[in-house]
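This is a predicted model, so every value here is computed, not measured. Numbering of ligands and ligand atoms starts at 1, following listing order.
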Amino acid sequence: MSGDGLPPLREVIAAHELRAKKSLGQNFLLDLNLTRRIARAAGALEDHEIVEVGPGPGGLTRALLMEGAKRVIAIERDRRCIDALQEIEKAYPGRLTIVEGDALEVDMASLVSGPARIVANLPYNVATVLLVGWLQSEPWPPWFESLTLMFQKEVAERIIAAPGAKSYGRLAVLAGWRTQAEKLFDVDRAAFTPPPKVTSSIVHLVPRNEPLAPANPKTLEKVVAAAFNQRRKMIRASLKSLGVDAGALITEAGLDPQERAERLTIEEFCALARTFDAMKGT
Ligand code: SAM
């Protein structure tokens, strides 16, 4: 037994024949001490509903419940995991809601009824798509009070990077614009079954009440993606792909056409996005 009256995760995996599938980004955490540490990193849980993407056999789900989460709403795509999760539901009556489906298609905001947090050991193949979707939530501030997420370490570094840093790019701009993001700790690859190729890291993001500067989120994403698509070039070259007069866009935004994307601040990208919308008449 594991402190919650449920069998150890290794037994759960064997009993339900949950051989990890690479196509679903399955790398399971079986150490409840580690999953409880991740659950605690999310902040106060008692008054919060937690949306968990990809519970798998339920290691993090159990940790969230053991640490006192008011309710966990767990979205899992792999049918094989649902029976295992139902056993957890029985042990915590009324506190676990299992949603079988693709997290990319589920309307998560509609599943919660009060203060909420998102906590997940994300499937690596959809991790950044999910993060960008959460960062583009409307209205802002969003329906969640925080995001506590596992990424490959290299992706975590791209999320928290500052202007000028090697990892600074689209993810850092989008995350820093609307949230305060920090890396909390690394998780060795040996902690997973099966072990992935690289180290992972937990990142904690707290939405800002006001973004760093005004901008339309879709336009900002578009401008940032164009700028970093050719990150070593001057922005007067890389922004040509936006289909407007790049020189006029940059000077009207008050920037130097010889600047490179990796040196622009988030506020400067916002100025480009606002000017782009004004030029397009939107
Ligand atoms: N939370 C578990 C843990 O920490 O041991 C499993 C984490 S594993 C890295 C990712 C999980 O996400 C798998 O259970 C996988 O089946 C699930 N998954 C993959 N793609 C998904 C999607 N699009 N929507 C919902 N779940 C998904």
Side-chain angles (χ1 to χ4, degrees), residues 2 4 6-42 50-67 69 72-89 96-111 117-134 147-156 184-203:
S2 313
D4 57 3
L6 289 161
L9 283 153
R10 245 173 235 297
E11 283 180 22
V12 173
I13 287 175
H16 295 275
E17 298 182 35
L18 298 178
R19 226 167 307 105
K21 281 191 188 166
K22 217 175 167 184
S23 61
L24 286 172
Q26 291 182 335
N27 301 98
F28 301 133
L29 290 173
L30 307 188
D31 176 357
L32 280 170
N33 290 321
L34 175 59
T35 52
R36 290 182 79 163
R37 184 174 175 211
I38 298 169
R40 286 194 298 272
I50 309 298
V51 173
E52 187 197 354
V53 173
L60 184 54
T61 320
R62 284 164 62 170
L64 288 161
L65 291 162
M66 286 167 99
E67 293 295 331
V72 177
I73 299 148
I75 306 167
E76 175 57 61
R77 191 178 177 178
D78 186 352
R79 174 92 267 274
R80 299 175 309 158
C81 298
I82 304 296
D83 290 347
L85 293 166
Q86 278 165 350
E87 284 166 21
I88 306 175
E89 194 182 2
L96 174 61
T97 304
I98 304 162
V99 179
E100 186 182 346
D102 182 345
L104 293 171
E105 285 168 13
V106 172
D107 175 10
M108 298 183 201
S110 70
L111 300 174
R117 300 184 189 279
I118 297 174
V119 182
N121 171 15
L122 292 173
Y124 73 93
N125 40 358
V126 289
T128 54
V129 182
L130 283 166
L131 175 65
V132 169
W134 286 320
L147 300 154
T148 308
L149 307 170
M150 178 94 77
F151 291 98
Q152 295 177 16
K153 185 176 178 186
E154 169 264 326
V155 177
L184 297 185
F185 52 88
D186 291 339
V187 180
D188 193 89
R189 46 190 290 280
F192 298 85
T193 303
K197 289 205 177 72
V198 292
T199 304
S200 297
S201 307
I202 292 287
V203 178

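- Taking the side chain as every heavy atom from C-beta outward, Ile202 and Arg37 never approach each other to under 4.5 Å.
- In this structure, atom 24 (N) of ligand 1 lies nearest to the protein heavy atom Ala103 N, 2.8 Å.
- Among Leu30, Asp31, Asp102, the residue whose heavy atom lies closest to atom 23 (N) of ligand 1 is Asp102.
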- Message: Is there a side chain to side chain contact (heavy atoms under 4.5 Å, CB included) between Met108 and Val53? Walk through the geometry before answering.
- Response: CA-CA 10 Å; Met108 298 183 201; Val53 173; 4.0 Å; yes
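- Protein heavy atom in closest approach to atom 18 (N) of ligand 1: Pro123 CG, 3.7 Å.
- Looking at Lys21 against ligand 1, nothing comes within 4.0 Å, counting heavy atoms.
- At least one side-chain heavy atom of Arg117 sits less than 4.5 Å from a side-chain heavy atom of Ile50.
- With hydrogens left out, the protein atom closest to atom 13 (C) of ligand 1 is Gln26 CG, 3.5 Å, a heavy atom.
- For atom 3 (C) of ligand 1, the closest heavy atom belonging to the protein is Asn121 ND2, 3.5 Å.
- At a heavy-atom distance under 4.0 Å, only backbone atoms of Pro55 (N, CA, C or O) approach ligand 1.
- The CD1 atom of Ile98 sits 11.0 Å away from the CD atom of Glu52 when rounded to the nearest 0.5 Å.
- Close contacts of ligand 1 with Gly56, meaning ligand atoms under 4.0 Å from a residue heavy atom, involve 14 (O).
- In terms of modelled atom types and a separation under 3.5 Å, the side chain of Arg80 and the main chain of Arg19 share a donor-acceptor contact.
- At least one heavy atom of Gly101 sits less than 4.0 Å from an atom of ligand 1.
- When side chains are defined from C-beta on, Pro123 does not count as touching Leu24, because their heavy atoms never get closer than 4.5 Å.
- Under the 4.5 Å side-chain criterion, counting only non-hydrogen atoms from C-beta, Arg77 is not in contact with Val126.
- Remark: the backbone N or O of Gly56 is paired with a side-chain donor or acceptor of Glu76 at under 3.5 angstrom.
- Taking a cut-off of under 4.0 Å to the non-hydrogen atoms of Phe28, the atoms of ligand 1 that pass are 5 (O), 6 (C), 14 (O).
- Side-chain contact between Arg62 and Leu32: present, with at least one pair of heavy atoms (C-beta onward) separated by less than 4.5 Å.
- Contact atoms of ligand 1 toward Leu29: 3 (C), 4 (O), 5 (O) (distance under 4.0 Å to a heavy atom of the residue).
- When each atom of ligand 1 is checked for a heavy atom of Asp78 under 4.0 Å away, the hits are 16 (O).
- Listed by number with element, the atoms of ligand 1 under 4.0 angstrom from any heavy atom of Ile75 are 25 (C), 26 (N).
- Under the 3.5 Å distance criterion, the side-chain polar atoms of Asn27 are matched with a main-chain donor or acceptor of Pro194.
- The single protein non-hydrogen atom nearest to atom 19 (C) of ligand 1 is Leu24 O, 3.1 Å, given as residue, atom name and distance.
- Ligand 1 places these atoms under 4.0 Å from at least one heavy atom of Glu52: 1 (N).
- When only non-hydrogen protein atoms are considered, atom 17 (C) of ligand 1 lies nearest to Glu76 OE2, 3.4 Å.
- Within the 4.0 Å heavy-atom cutoff, Met150 does not count among the residues contacting ligand 1.
- Using a distance-only test at 3.5 Å, with no hydrogens or angles considered, no donor-acceptor pair links the side chain of Arg36 to the main chain of Ala63.
- For ligand 1, the atoms lying closer than 4.0 Å to a non-hydrogen atom of Asn27 are 7 (C), 8 (S), 9 (C).
- What sits closest to atom 26 (N) of ligand 1 on the protein, heavy atoms only, is Arg77 N, 3.4 Å.
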- Begin with the C-alpha distance, continue with both residues' side-chain angles, and end with the deciding distance and a verdict on side chain to side chain contact (heavy atoms under 4.5 Å, CB included) for Met150 and Leu29. CA-CA 11 Å; Met150 178 94 77; Leu29 290 173; 3.8 Å; yes
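- When Gly25, Ser23, Cys81, Ala20 are checked for heavy-atom proximity to atom 9 (C) of ligand 1, Gly25 turns out nearest.
- Looking at Gly54 next to ligand 1, an N or O pair under 3.5 Å apart turns up.
- At a heavy-atom cutoff of 4.0 Å, ligand 1 is contacted by the backbone of Leu122 but not by its side chain.
- Using a 4.5 Å cut-off on side-chain heavy atoms (C-beta onward), Asn121 and Val187 make no contact.
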